[in-house]
Amino acid sequence: MAKAEPVEIGRRLHEKEEAEKRTQRIADVLENKPKNYHVITDDSKLDAMIERLREEVRLQQKDEWFRRVFDLFNDTLIRRKLSERGIEIPLVKSLTVWDTETSGLDKMIDLSGGYSFWLPLLNEGYYVAYGHLTGEAQCTRSKALGVIRRFIEMADHIKSFHNAEYDLNIMRNDGLKPAGVRFDSQDAHWILNEHEKSHGLKPLFTKYKSMLGPEAAAMDDYTFEDLFGNESPMMYDSEIVGIYAIKDVHKGWLLTKWQIDTLVKTDDLARAYFEIRQYLPEVNTEITRTGFVIDLGRLRQLGEVYSAELEKAKRDFLDAYDIDDNFLYNMSMALKGDRIRDWCEKQQRRIDKQAEMLAKRKAEFKKANPTTKKYAQLKEWIERAESNPLIEPIPQNAPDYITEFNLSSNDHLAYLIYDHLGIKDITKQVVKDKSRSRAVSKDVLERYFEREESLKPLAKVSLYEKLLGTYIEKIPDALDVDGRLHTELNTVSTGRYSSKGYKGKPNDLFRENVTDDNFLEHIRCLVSAKEKSVPKGTNIQNIPSRNDEGLAVRKTFIPREGYTYLGSDLSSIEPRLQAHRMSVEFGDDTFAETFRKGLDSYIEFASMMFDVDRELCTEKAYKSGLINIPYRKLTKDMFLAKGYGQAEDQFVKTAVQRGITEEAARAGYAKFDVILPGFSKMVQETFAHLRKYGWTATLWGQKRRFPGYIEKYRRLCVLMKKAGIKGKDDPELGKKSRRFRTQVERNEFWDLIRFTGGCERSAFNHTIQGSGANVLQLCMIRSYYECTLARGWEFNLTLHDEQKHSVPNDQLTEEAVELYDDIMTNTVQLATPLACDTVIEPRWMEEYSPDEWDFNNCKPKGA
DNA sequence: TCTGCGTGCGCG
DNA sequence: AAAGCGCGCACGCAGA
């Protein structure tokens, strides 16, 4: 029996058992269908269903819990702000829980084939079926969607979903224009516990079941997979899918109710959720669905030019070095010697063995009878062995032997630089990570260019390889069904967004005109297509901009025909937030005052900290050669260093690289705390809060928790006491750490120092970076309502401290720019004024300030 | 052929 | 024997 067979039999058995289990579960679920679950498969029942929805809405008006909750949704700063501007977010009148069952997971292509909703006060749920492929009787798609269209599109009847962005996309694919999607139990859970391993509805429900009341306790935990395996629900009967779908919204309701109550009870979490987060699913969906038009012609052109440049740089590099057989031999032995030698030995043994066999069979062959089968077999074997001798056991034949110098291989480059050329390794002087050596990164290489001119093309090689590989060659293949480039936004630990590519179904599955007649046939296509097979979209937040070559890539992002970009970034938002905290919480107004006076705070503090005239602290003074130390940059570095908790030595090191003496750098560093005493107070108080509670929060109460910090800090205190260390800032910490008697204890000590230090830096940073994210989110929310919904501007981008819309050219006026400025600077009020830089862009990064723009002709002045 | 990791680099 | 925050992606490499 071949080895694979038992495995295969085992697999089949397991599969069969799983299938039987699923069948049993399905039978269970059908048998125990609750009386208050209603599966609708007949158009004539739809009106009665909607009547129940109306009844629920009526009941909620009079219910105390709901009225209190509506206030939470309604009573927000952003709503008041919008109201002042004549933009009304209608007052909330009801809250129901919804879900869609779909043909798949592609956010631009897939469609719903059923929806479910839960009516909390009536305590009943509905599932409407129209896309099932079982041939059974079901509702007509247009009727099923038609009856809920108005409700789904009403902003005052708010809907809760679990992962609302997905359902919003599906509903928009269905041709609906959903509004009032204002609760997302997945988002809410992120606010309650961002460390949750799994944010799916089922795992959350199972985990928190005991807190959700007796109704929850009685419910089973079957997951989608438990019932349907990996298949689409559209392949199953509406009855079973319906029960499952209703159970989902039922669970969703229990979770939603508990979450709202918990948000209210816990610290400031209701603020984080209701002031900001409740609005974001719609805003995010709008941004990610809008995407970017790409100037493909220009991108292709750029690709051609850069490919040529890359080839040239590679040639220049290789021409300078004699990469001959000898070089490759030495490199192979240096990098892969062990594996190559190993192979040679094994190969020699194989050869010896074959020779032995050959000799043996030749002897047998001599004796064999030519008429026998054995004779023929031996003959064939000997002939084959003699005509196909095993390759020689020399290094050049080993699979690991390197036959070509690869400029993308760090190992190859390191061999060339450190072994072949014998350049002295300065990695440790340049990079932060002390454990590293033989680095071939840009910053290290730059230092070698001076003595080894021929290495210079390497800088171009990595530049063009990055641009071509990550952007230029990727983007044309990553466009979605609308021909645009999209992205997926996620929330990270501080509350910022991250952006990434995503995978979907092939674009040719997209069908523009779906009718009741072709719907099921189309669903059949969608269901049978492989999920997540085609890479689409990119990270939109790291499109190059810091050098000309990269900038050219950004310039291929263009507004749609007849529109122009209007973009704005918040100027120095993080320093302003630091200044705000220092002023409001710690009574140090110095920093805030510089912003109020409209001064360049880095120049102001540069002058104070380094004892230099203001005039000498400008960028201009440095660039013009008036002075050879970039004081403004240095000061900016220092604020960053302080904000991220950088060590003094590390700051001094980079400062010295900028041309200042070590003494002056240290003096400036020390003076920082004299001039801005509130800064270190702010940092220390934040640490104290972290030590007490294990988390920190943004100005809007959005938490970041640091699991394990409190315990580990406590343990560290015990160890520090033991060694006579006064605290983490004891200047003799290193010296005193030698007092630990055992290596184990010393290791533990340093591990704790590293861990707690990491938490502390992240925790302080969170209060600033996270608040910055909140400020921009509020700007985004306001501009979603005021620009996108009210004025029809496309919402293309959010990028940490900036956002971008596309404005129809006939709307691009001075007033439009003023509105955008107002959104950026007056949506949020801090102890420091906010400032922004608003630009008009015919292409991304082809920027014109409003003074440079001819609003009458919608083009740059003088163009 | 897939997966996980290290290194390096794009962005704020 | 520590000491700059927050990300995602491409590539080489090693092991399965």
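Here is how names work: the chains are called A, B, and so on, in the same order as the sequence lines, proteins then strands, and each is numbered from 1. Hydrogens, waters and symmetry mates play no part in the numbers below; they use all other heavy atoms, side chains included.
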Kindly state whether the ring of [X] and the ring of [Y] have centres lying under 6.0 angstrom apart.
{"X": "A:Y713", "Y": "A:F687", "answer": "no"}
{"X": "A:Y321", "Y": "A:H420", "answer": "no"}
{"X": "A:Y565", "Y": "A:F557", "answer": "no"}

At less than 4.0 Å, is any side-chain N or O atom of [X] found next to OP1 or OP2 of [N]? Yes or no.
{"X": "A:K466", "N": "C:dC9", "answer": "no"}
{"X": "A:S408", "N": "C:dC13", "answer": "no"}
{"X": "A:S435", "N": "C:dA1", "answer": "no"}
{"X": "A:K336", "N": "C:dA14", "answer": "yes"}
{"X": "A:K474", "N": "C:dA10", "answer": "yes"}
{"X": "A:T470", "N": "C:dC9", "answer": "no"}
{"X": "A:R761", "N": "C:dC5", "answer": "yes"}
{"X": "A:R496", "N": "B:dC11", "answer": "no"}
{"X": "A:S762", "N": "C:dG6", "answer": "yes"}
{"X": "A:R339", "N": "C:dG15", "answer": "yes"}
{"X": "A:S409", "N": "C:dC13", "answer": "yes"}
{"X": "A:N406", "N": "C:dG12", "answer": "yes"}

Pairing partner (Watson-Crick or G-U wobble, both distances under 3.5 angstrom) of C:dG4: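 WC or wobble partner does not exist here.
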Mutual orientation of the aromatic rings belonging to A:F672 and A:F639 [parallel < 30°, tilted 30-60°, perpendicular > 60°]: perpendicular
Parallel, tilted or perpendicular, as decided by the 30° and 60° cut-offs, for the rings of A:F605 and A:F591: perpendicular
Sugar-phosphate only, base, or nothing, as touched by A:R546 at under 4.0 Å among non-hydrogen atoms: base
Atom pair distance, as rounded to whole Å: CG in A:N539 and P in C:dA10: 10 Å
Rounded P spacing from C:dA1 to B:dC9 in Å: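 Straight-line distance between the two P atoms is 28 Å.
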Residue closer to the 5' end of DNA chain C, A:Y644 versus A:D751 (nearest nucleotide): A:D751
